[in-house]
Amino acid sequence: MTILTVQSSYIPSRVPVTKNSNFDQIPSWVSLKSSTSSSSSVKIEHKQGQVENLHLVSLSKNGKLNEAFEFFQEMDKAGVSVSPYSYQCLFEACRNLKSLSHGRLLHDRMRMAFENPSVFLQNCVLQMYCECGSLEDADKLFDEMPELNAASRVTMITAYAGQGFLDKAVGLFSGMLASGEKPPSSMYTTLLKSLVNPRSLNVGRQIHAHVMRTGLCSNASIEIGILNMYVKCGWLVGAKRVFDQMAVKKPVAWTGLMVGYTQAGRARDALKLFVDLVTEGVEWDSFVFSVVLKACASLEELNLGQQIHACVAKLGLESEVSVGTPLVDFYIKCSSFESACRVFQEISEPNDVTWSAIISGYCQMSQFEEAVKTFKSLRSKNAAVLNSFTYTSIFQACSVLADCNIGGQIHADAIKRSLIGSQYGESALITMYSKCGCLDDAHEVFESMDNPDIVAWTAFLSGHAYYGNASEALRLFEKMVSCGMKPNSVTFIAVLTACSHAGLVEQGRHYLDTMLRKYNVAPTIDHYDCMIDIYARAGLLDEALKFMKNMPFQPDAMSWKCFLSGCWTHKNLELGKIAGEELRQLDPEDTAGYVLPFNLFTWAGKWEEAAEMMKLMNERMLKKELSCSWIQEKGKIHRFIVGDKHHPQTREIYEKLKEFDGFMEGDMFQCSMTERREQLLDHSERLAIAFGLISVNGNAREPIKVFKNLRACPDCHEFAKHVSLVTGHEIVIRDSRRFHHFREGKCSCNDYW
DNA sequence: AGTGCTAGGT
């Protein structure tokens, strides 16, 4: 009957072996390799082609492109022709799998097979090219096609608009109108959806005008399309006008405009609109809830949000993920983490957005370890709810925890799962590696970016700033500018920080003075504070004071804190006293206002005044932060405080420290206080360094990386230099402000910090 | 049609 036979020699090679049910599996025994005579095949050609084509269609629909192509070839060899419908399905498969190479091959075959393919089939090819991202191919075909219909134009216009080639899209569109062809209404909505930024406003208004002329504005979806277009193009006045003129205001219209206000930072206006919506008795839907809650969140309007929560509860929508998730986020933004957790419990099926809100909530609460813990447990139980947002938050958590061990693993995991958010995720990675002391890795991430945005540049620049690589940071800044990037306020903070860490007073002043004129970024008090810091660190205290008096802002707590810091570094008691008073007045909670004057008084031997500072602190229930250092070994973190004897290897650690006894003698020589002399020997950073020396076990290639919560103490800084010299080990200490990289008795900070 | 994320000093 048929030439189709089961052949044992035909072993399916590309059918994947899966453990799951194989209900979608395609039988691979359909073969054209036949031992029967070819004469018989001619007789039943018609019937035979049907079956083969059916198989080809089935393979295409299941996305088995390689097998389909193999089968295609066999059909070819057997002289069985491929039907137009098969071509259509094959093109669809190429489109879905984004396989341009297969698509091109197929297109060539199609040209050979049919002299005059139908417009319909040509449109399939066109669509395939567009969706595979090759507008060039699509363009070429479009020009070659002898006959075009509305669908061909719609395809091209959609593709042009989608890729941002507005001129071309609009050109085709007007050509379509000019030729008298009536575009389908979906054409309008498609085109409107592609207008997503202020640059497209002009085109959008033209379309709007055209819609008005042709009376299409009565079409509800076009009308809402215009409203949303104005929102995206940032013209809220226009959006409001469209809204006001609507005969029937559906919830979509309300939410559209409310989203516009919220995104523009006009949450109050969004809430006003919401009140109107309530008074007009418009029915709410889950979208209304999410926008209102977002507006409440940005204003931290706990009260109103709680009322909305009550409505949600009344309507029994708490378990609904689309309502519960914005509610969770609202409570998190209002710092009511407990309420957020309660709401979260009620959601019956939390999705990835819900989880990302929870994890970013932990980060906002500075519960970074909890964030990582939650991430890990999700990762093992239900990895499907992890998305690029969550990974971005986790990178942030790892950067704060300075844990590049787990951070690196999660980075690798994110690569495997393609879940590194472009720009956001990458910038977070740059910061993570920079703050973990892996500038090389940060560099690699930066280099790998297609289009580093200003955030990425700033993150990388800050990375260099932490290391005291001022020249590299400034070089990067200039390079960034020459690449056409526009620096912003944060960028200048990074630039000024770089100058500060390297003592580049003149340079710092130069950037502060030119940022407005040359880069059109208005300096804020934060920038002035950076400059005070630069002066104060450099010991130019009089300059700093003069600068503070003349700057266009009232000095804030930070201004005085920077100044006070410099007073301590450069041992100026008189100015330090003044600065301390100012700081205590502006921010009585800041311990620096007591601790630094205390240090100064003790240094000057003014014990009574020093005691007074301690008394003040105690009265105000303030506690000096305990100094603590930590180091990672084989993924485990070892923490130390002053004089710590809790570590299981305590004995070895102190033995190790004894090896540097000679150095300590010299150390004591520099010390003025008996009490401090005793403490110096077991400062937390020394314990960590000693532990590091024990655990690296002679492997000098990896630097010993120690992290500290406060600023490095000068004596320990000397100690680290000494250790790096005698042992040949590189030592990195990241204190609360920056990195110190010790090599052969020298520190990267050049003793300036 | 909506909700979730990135760069900063002391």
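Just so it is clear, the model here is predicted, and its values are computed rather than measured. Labels below follow one simple rule: chain letters A, B, ... track the order of the sequence lines, proteins then strands, and each chain is numbered from 1.
Residue contacts shown for A:K561 include a base, since a base heavy atom lies under 4.0 Å away. Nucleic acid contact for A:D526: base, since at least one base atom lies under 4.0 Å from a heavy atom of the residue. Backbone-only engagement by A:K333 is indicated by non-hydrogen atom pairs under 4.0 Å involving sugar-phosphate atoms exclusively. Among the protein residues, A:Y466 comes within range of the sugar-phosphate backbone only, with heavy atoms under 4.0 Å from sugar or phosphate atoms but none that close to a base. Among the atoms of the strands shown, only primed sugar atoms or phosphate atoms (P, OP1, OP2) are found under 4.0 Å from some heavy atom of A:N228. Here A:K232 lies out of heavy-atom contact (under 4.0 Å) with every strand. A:V252 comes within 4.0 angstrom of a base, heavy atoms only. Contacts of A:S736 with the nucleic acid, taken as non-hydrogen atoms under 4.0 Å apart, are absent. Contacts of A:T325 with the nucleic acid, taken as non-hydrogen atoms under 4.0 Å apart, include base atoms.
Following rounding to the nearest Å, A:E320 (CD) and B:dT3 (C1') show an atom-to-atom distance of 13 Å. Put simply, CD1 on A:I308 is 14 Å from C1' on B:dT3, counting in whole angstrom units. Put simply, CG on A:L192 is 11 Å from P on B:dA1, counting in whole angstrom units. Between A:L583 atom CG and B:dT10 atom P there is a gap of 15 Å when expressed in whole angstrom units. Between the C1' atom of B:dT10 and the NE2 atom of A:H501 lies a distance of 10 Å, rounded to the nearest Å. One interatomic measurement links the two molecules: CH2 of A:W254 to C1' of B:dA1, which rounds to 15 Å at whole-angstrom precision. Atom CD1 in A:I332 sits about 9 Å away from atom P in B:dC5, given to the nearest Å. Rounded to an integer number of Å, the gap from CD1 of A:I532 to P of B:dG9 is 16 Å.
Ring centroid separation for the pair A:W568 and A:F598 does not come in under the 6.0 Å cut-off. Taking the six-membered ring for Trp, A:W457 and A:F446 have ring centres closer than 6.0 Å. The aromatic ring centroids of A:Y424 and A:F389 lie 6.0 Å or more from each other. In this structure, the ring of A:F330 has its center no less than 6.0 angstrom from the ring center of A:H309. The ring of A:Y433 has its center no closer than 6.0 angstrom to the ring center of A:F460.
Legend: salt bridge (charged side-chain N to carboxylate O under 4.0 Å, His left out) pairs involving residues 438-456 of chain A, not counting sequence neighbours: none detected.
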- request: Show your working on ring pair (Phe, Tyr, Trp, His ring centres under 6.0 Å) between A:W254 and A:F274 and close with a plain yes or no.
  value: CA-CA 8 Å; A:W254 293 87; A:F274 171 70; 9.5 Å; no

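Between the side chain of A:N488 and the base of B:dA7 there is at least one donor-acceptor pair of N/O atoms closer than 3.5 Å.
Salt bridge status for A:K272 with A:D276: absent, with no side-chain N to carboxylate O gap under 4.0 Å. Checked for salt-bridge contact, A:E301 and A:R268 meet the test: a charged N lies under 4.0 Å from a carboxylate O.
For A:F287 and B:dG2, the ring-to-base geometry does not satisfy the stacking test (centroid distance below 5.5 Å, interplanar angle below 30°).
Here the nucleotide nearest the side chain of A:F389, chosen from B:dG9, B:dA7, B:dC5, is B:dC5. Comparing B:dG9, B:dA1, B:dG2 by their nearest atom to the side chain of A:T497 picks out B:dG9. Ranking B:dG9, B:dG2, B:dT6 by closeness to the A:S427 side chain, first place goes to B:dT6. The listed nucleotides are B:dA7, B:dT10, B:dA1; the one nearest the side chain of A:V455 is B:dA7. The side chain of A:C562 lies closest to B:dT10 when the candidates are B:dT10, B:dG2, B:dG9. You'll find that the side chain of A:R537 is closest to B:dT10, out of B:dT10, B:dA7, B:dT6. Minimum atom distance to the side chain of A:M558 is reached by B:dG9, of the listed B:dT6, B:dG9, B:dT3. The side chain of A:D529 has B:dG9 as its nearest neighbour among B:dG9, B:dT3, B:dG8. Proximity note for A:T458 (side chain, C-beta onward) versus B:dT10, B:dA1, B:dA7: the nearest is B:dA7.
Sorted by residue number, the members of residues 350-367 of chain A with any non-hydrogen atom under 4.0 Å from DNA chain B read A:D352, A:V353, A:S356, A:S360, A:Q364.
In terms of phosphate contacts, A:Q396 brings a side-chain nitrogen or oxygen within less than 4.0 Å of OP1 or OP2 of B:dT6.
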